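Counting starts at 1 for both ligands and their atoms, in listed order. We number each residue from 1, following the sequence as shown. Source: prediction; values computed, not measured.
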Amino acid sequence: MVLEEVGTALALRDVPKPKSGSGQLLVRVSACAVCRTDLHIVDGELPNPKLPLILGHQIVGRVEEINISSDKGQSGSDFKVGDRVGIPWLGWTDGDCAYCRSNRENLCDRAKFTGYNIDGGYAEFAVADARYCFHLPNQYNDVEVAPLLCAGMLGYRSYRKTGAAHRLGIYGFGNAAHLIAQVALYEKKEIYAFTRPGDEAGQKAARSLGAVWAGGSDETPPQKLDAAIIFAPVGPLVPAALRALAKGGVVVCGGIHMSDIPSFPYVDLWQERVLTSVANLTRRDGEEFLEIAPRVPLKTKVETFPLEEANTALEKFREGELAGNAVLKVSSS
Ligand SMILES: [Zn+2]
Ligand SMILES: [Zn+2]
């Protein structure tokens with residue numbers, strides 16, 4: 001499924017099978033989860049995507065070819081033909097800039113991202129740099145594990161930025177929140193879930209997952225929070241979340257795009273409150289998260305669509321009509 005122009009529906013196209021470049025794996029795609037970022041790219045909210053583009057950065061498949069040669073100084077890959085492989089958002093970094101050299105490859109100046117600057121997984125085949133691919137825990141089938149590759153990993157990076165916070169607010173209780181709340185509960189945190197005002201069903205779902213409190217984003221929680229993560233792409237939630245914090249608390253914006261943040265009085269930030277954002281992921285985040293997920297054990301909720309119905313999946317995501325993470329299943333596998 002190909003995005004030919006920003007702002008248009010994806011088109012079903014027969015494209016040549018991609019060729020693996022040096023250091024890359026050719027992967028036969030089995031499943032690819034849909035992310036809010038895919039919608040931001042279609043809508044033109046992220047600048048300069050590769051066009052035409054195959055979206056999708058939560059890819060699960062099997063290695064079909066390995067193009068790695070030790071003659072070129074490439075370290076051998078630990079993947080074998082036939083192995084199951086996960087391909088995430090971070091697709092390539094230069095390994096050489098100040099960010100990469102200080103363990104912040106997520107901020108690399110020249111980073112390339114799957115399903116944005118590199119063709120992704122809304123397709124039968126994908127190629128990926130072996131160094132950025134993951135082995136996946138056996139406990140999960142292909143469809144269940146796909147949403148862990150972005151909603152899970154990015155959520156995890158956001159969660160780790162809340163440090164030792166005990167009372168944790170989560171604004172926007174969608175896919176990433178559903179996953180990360182399970183990790184937080186496993187680590188004995190208290191979850192305060194904020195949904196759209198009036199979203200009784202969402203609040204009930206959060207309570208049944210184990211949240212000690214659930215309410216609308218316009219409500220004040222019964223306790224001051226040590227930290228809050230904002231997953232909803234809604235700027236006005238930033239001052240709201242800051243006001244819900246105890247002194248020294250942190251607000252983490254977990255999304256790649258957000259509407260403008262309205263101005264707010266300095267007193268809402270004062271007393272050493274911290275406002276930060278999360279960008280992308282490092283390979284280390286991914287490895288840590290895939291290690292903890294089966295221990296929780298983390299459960300994903302999915303709704304599957306055939307690859308050809310990617311547009312339907314995206315529209316349902318946009319309208320908030322999904323019962324879980326949308327995952328595209330590729331029929332040839
Ligand atoms: Zn994503
Ligand atoms: Zn770099």
Side-chain angles (χ1 to χ4, degrees), residues 1 3 10 23 29 31-43 45-46 49-50 53-60 86-122 126 128-129 131-134 136 143 145-159 172 174-180 229-233 252-258 277-286 289-290 293 300-303 310 313-314 316-318 322 324-328:
M1 298 295 290
L3 177 68
L10 308 185
V29 180
C32 184
V34 175
C35 176
R36 182 177 294 279
T37 300
D38 301 341
L39 274 182
H40 291 317
I41 294 170
V42 171
D43 292 345
E45 288 167 336
L46 297 188
K50 166 191 181 293
L53 171 70
I54 298 171
L55 286 170
H57 56 268
Q58 309 185 76
I59 308 169
V60 181
I87 307 174
W89 172 242
L90 184 70
W92 184 86
T93 59
D94 59 14
D96 194 39
C97 71
Y99 298 106
C100 286
R101 281 187 275 111
S102 55
N103 295 320
R104 293 179 293 165
E105 63 183 2
N106 59 309
L107 300 178
C108 176
D109 283 330
R110 296 171 64 215
K112 292 196 179 116
F113 301 103
T114 312
Y116 181 38
N117 319 110
I118 307 171
D119 279 329
Y122 288 22
D129 188 314
R131 296 169 302 165
Y132 298 85
C133 295
F134 295 105
L136 300 170
V143 165
V145 80
L148 300 187
L149 286 160
C150 182
M153 289 179 183
L154 270 284
Y156 183 74
R157 186 171 175 86
S158 306
Y159 171 61
N175 298 328
H178 177 258
L179 293 173
I180 236 49
I229 304 175
I230 303 178
F231 287 122
V252 181
C253 300
I256 193 168
H257 175 82
M258 192 181 246
S277 66
V278 155
N280 315 316
L281 76 155
T282 64
R283 283 171 276 183
R284 174 108 192 265
D285 297 326
F289 177 68
L290 290 174
T300 57
K301 276 195 301 188
V302 295
E303 188 171 337
L314 285 168
K316 287 190 137 192
F317 195 147
R318 186 191 301 285
L322 292 166
N325 285 264
V327 177
L328 305 179

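Looking only at atom types and distance, the side chain of Arg284 has no donor-acceptor partner in the side chain of Thr282 under 3.5 Å away.
Note that the CG atom of Asp38 and the CG atom of Leu55 stand 5.0 Å from one another [nearest 0.5 Å]. Rounding to the nearest 0.5 angstrom, the gap separating the CG atom in Leu148 from the CZ atom in Phe289 is 5.0 Å. Distance check: Ile54 CD1 to Cys32 SG gives 10.5 Å after rounding to the nearest 0.5 Å.
Of the listed residues (Phe113, Phe134, Tyr132), just one forms a ring pair (Phe, Tyr, Trp, His ring centres under 6.0 Å) with Trp89, and that residue is Phe113.
Near-neighbour remark for the Zn ion (ligand 2): protein N, O or S atoms under 2.8 Å are Asp94 OD1, Cys97 SG, Cys100 SG, Cys108 SG; waters not counted. Below the 2.8 Å limit, the Zn ion (ligand 1) has as protein N, O or S neighbours Cys35 SG, His57 NE2, Cys150 SG.
In plain terms, the two heavy atoms of Ile59 and Gly121 that are nearest each other are CD1-N, 3.3 Å.
The side-chain heavy atoms of Val327 and Val34, taken from C-beta on, include no pair separated by under 4.5 Å. Between Asp96 and Arg101, some side-chain heavy-atom pair lies under the 4.5 Å cut-off.
Between Asp129 and Lys112, no side-chain nitrogen of the basic residue sits less than 4.0 Å from a carboxylate oxygen of the acidic one, so the salt-bridge criterion is not met.
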